[in-house]
Amino acid sequence: MTEPKTVPIGGRAAQCPFAPVAELYDTQKEDELSRVKVPSPMLGEFDAVLVTRYDDVKDVLADEGLRMGGSMPYQPGNLLSYDGPEHTKLRRMLTASFTTKRARELRPGIEAVVASSLDAVEEAGPGADLVQLFSTPIPTLVICELLGVPYTDREGFQRRTALALDFTQSREVQMEKAAEMMAYMAQLVARHRENAGDNVLGRVVREYGDQLSDEELAGIGNMLLIAGHETIANTLSSSIALLLQHPEQLAAVRDDPSVTDSAVEELLRYIAPATILPRQAAGDICVRDQEIHKGEHVVPSVLAANRDLGTADQDLDSLDVRRPAQRHLTFGFGPHQCLGQQLARMELRVALPALFTRFPTLRSAVPLDDLEYRTNALVFGVNALPVTW
Ligand code: HEM
């Protein structure tokens, strides 16, 4: 067997972090699946089978013989910690709160949150960092609505969340803030146990409170906070950075509301913020008739699959906000497919046109080539996005 290639964990090209490295395209053409070495800042280097074709990535994500990467400790209440019937049971308790209809009902609340974040940007003036003032507060405040965090608690909630999820903070600060978040969630659960509110957590307490422990309920809250936070914040920031590089497409998003839905879908496809969705074989399995042994790691690349030229006769390497919706795997596939995808779409559909309408002359305050991207993080993003107008 040939030596495994080394592929960066995100598989993103250094000179253009929105694009996959050439090796990912090469492996799409090969008949045999590639075994690779993945240097991971978080997990250390590990060997894995790399999967890059659209159909293969779909098959892997749907395969019940593959489990979550094995890198994550078990967390009660966190859907990503569960498999099989236990996962289905817990997921069913939550799906009614994440339908397209629910996302539509949340729209006015999202519009209000977006408007207040835009006010904060305007107040800060030119040079304002959109990561700090726009992309991060929006998902935090939306989660507050979802979980029923009272207005008076929101500032503290937002501050703790920002620190707990800020990977530039020391491990100690992050751990301390994460423990504070869990303590706050436990308090919130206790309040909902006494008087269940009209929001996701309140509804779960009312309908399934007798089947779930307090720890599981707090875990559900924490999962929604984390799953719905980094992903949206990073997708918003990178969408803005990408559109600033394509002014003609930015203008279409700003001036033509009929483009909004296809633009959001195209940005999701193109950016693929959750770049890889690592799995581990729970037993011996086959992918494209090739054997993968129990315990082996499998790394499906969403970034590569979303541009798999084998599936379309279009140029999927270019960004085209007017492209009729193209299939993509940005929200995963199969049993763990993103629960919050309709909500995510709604946040993006409201936030992006509102930003460009409020600041029609928006542009980066630093040369676009100087922006620092999170290419090695599991969720791709940009560290800071100072803008002017
Ligand atoms: C652009 C934003 C988002 C992206 C790109 C995204 C992406 C994903 C992906 C790829 C998965 C599957 C993970 C895997 O199979 O390993 C996932 C799962 C999940 N997401 Fe999202 N997500 C986003 C926003 C949200 C939001 C807003 C929420 C809720 C508030 C949310 C809640 C969840 C939950 C609960 C799961 C686990 C589902 C399960 O295991 O059954 N996500 N997300």
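When reading the values below, keep in mind they use all heavy atoms of this one structure, side chains included, and skip hydrogens, waters and symmetry mates. Residue indices begin at 1 and follow the sequence shown. As the structure lists them, so they are numbered: ligands from 1, and atoms in each ligand from 1.
Looking only at protein heavy atoms, the nearest one to atom 26 (C) of ligand 1 is Gly228 CA, 3.4 Å. Counting only heavy atoms of the protein, atom 37 (C) of ligand 1 lies nearest to Leu80 CD2, 3.8 Å. Of the protein's heavy atoms, Thr330 O, 3.7 Å lies nearest to atom 7 (C) of ligand 1. Scanning all protein heavy atoms for the shortest distance to atom 32 (C) of ligand 1 gives Ala227 CB, 3.5 Å. Protein heavy atom in closest approach to atom 3 (C) of ligand 1: Thr231 CB, 3.4 Å. Scanning the protein for heavy atoms near atom 5 (C) of ligand 1, the closest one is Pro273 CG, 3.7 Å.
In this structure, Arg203 is not positioned above the aromatic face of Tyr208 in the sense of NZ or CZ being under 6.0 Å from the six-membered ring centre and within 45° of the axis. Relative to the six-membered ring of Tyr54, Arg327 meets both conditions, a distance below 6.0 Å and an angle of at most 45° to the axis.
Under 4.0 Å from ligand 1, not a single heavy atom of Pro139 appears. With a 4.0 Å cut-off on non-hydrogen atoms, Gln341 does not touch ligand 1 at all. Contact annotation: for Arg279 versus ligand 1, heavy atoms closer than 4.0 Å belong to the side chain alone. Under 4.0 angstrom from ligand 1, the non-hydrogen atoms of Thr235 all belong to its side chain. At a heavy-atom cutoff of 4.0 Å, ligand 1 is contacted by both the backbone and the side chain of Cys338. The proximity of His336 to ligand 1, defined as any non-hydrogen pair under 4.0 Å, involves the side chain as well as the backbone.
Look at Lys177 and Glu180 and you find a salt bridge, because one of the NZ, NE, NH1 or NH2 atoms lies within 4.0 Å of a carboxylate O, short of that distance. Salt-bridge check for Arg53 with Asp308: failed, with every basic side-chain N at 4.0 Å or more from each acidic carboxylate O. A salt bridge links Glu266 with Arg269; the closest basic N to acidic carboxylate O contact falls under 4.0 Å.
At most 12 non-hydrogen atoms from other residues, nucleotides or ligands lie less than 6.0 angstrom from CD of Glu155. In Glu372, the CD atom is not crowded: 12 or fewer heavy atoms of neighbouring residues, nucleotides or ligands sit closer than 6.0 Å.
When only interatomic distances are considered, the shortest N/O to N/O separation between His87 and ligand 1 falls below 3.5 Å.
Residue Leu339 holds the heavy atom nearest to atom 36 (C) of ligand 1 of all those in Leu329, Ile232, Leu339.
Listed by number with element, the atoms of ligand 1 under 4.0 Å from a non-hydrogen atom of Gly332 are 10 (C).
A side-chain donor-acceptor contact under 3.5 Å links Thr27 and Thr52.
Classification of the His87-His336 ring pair by plane angle, with boundaries at 30° and 60°, yields tilted.
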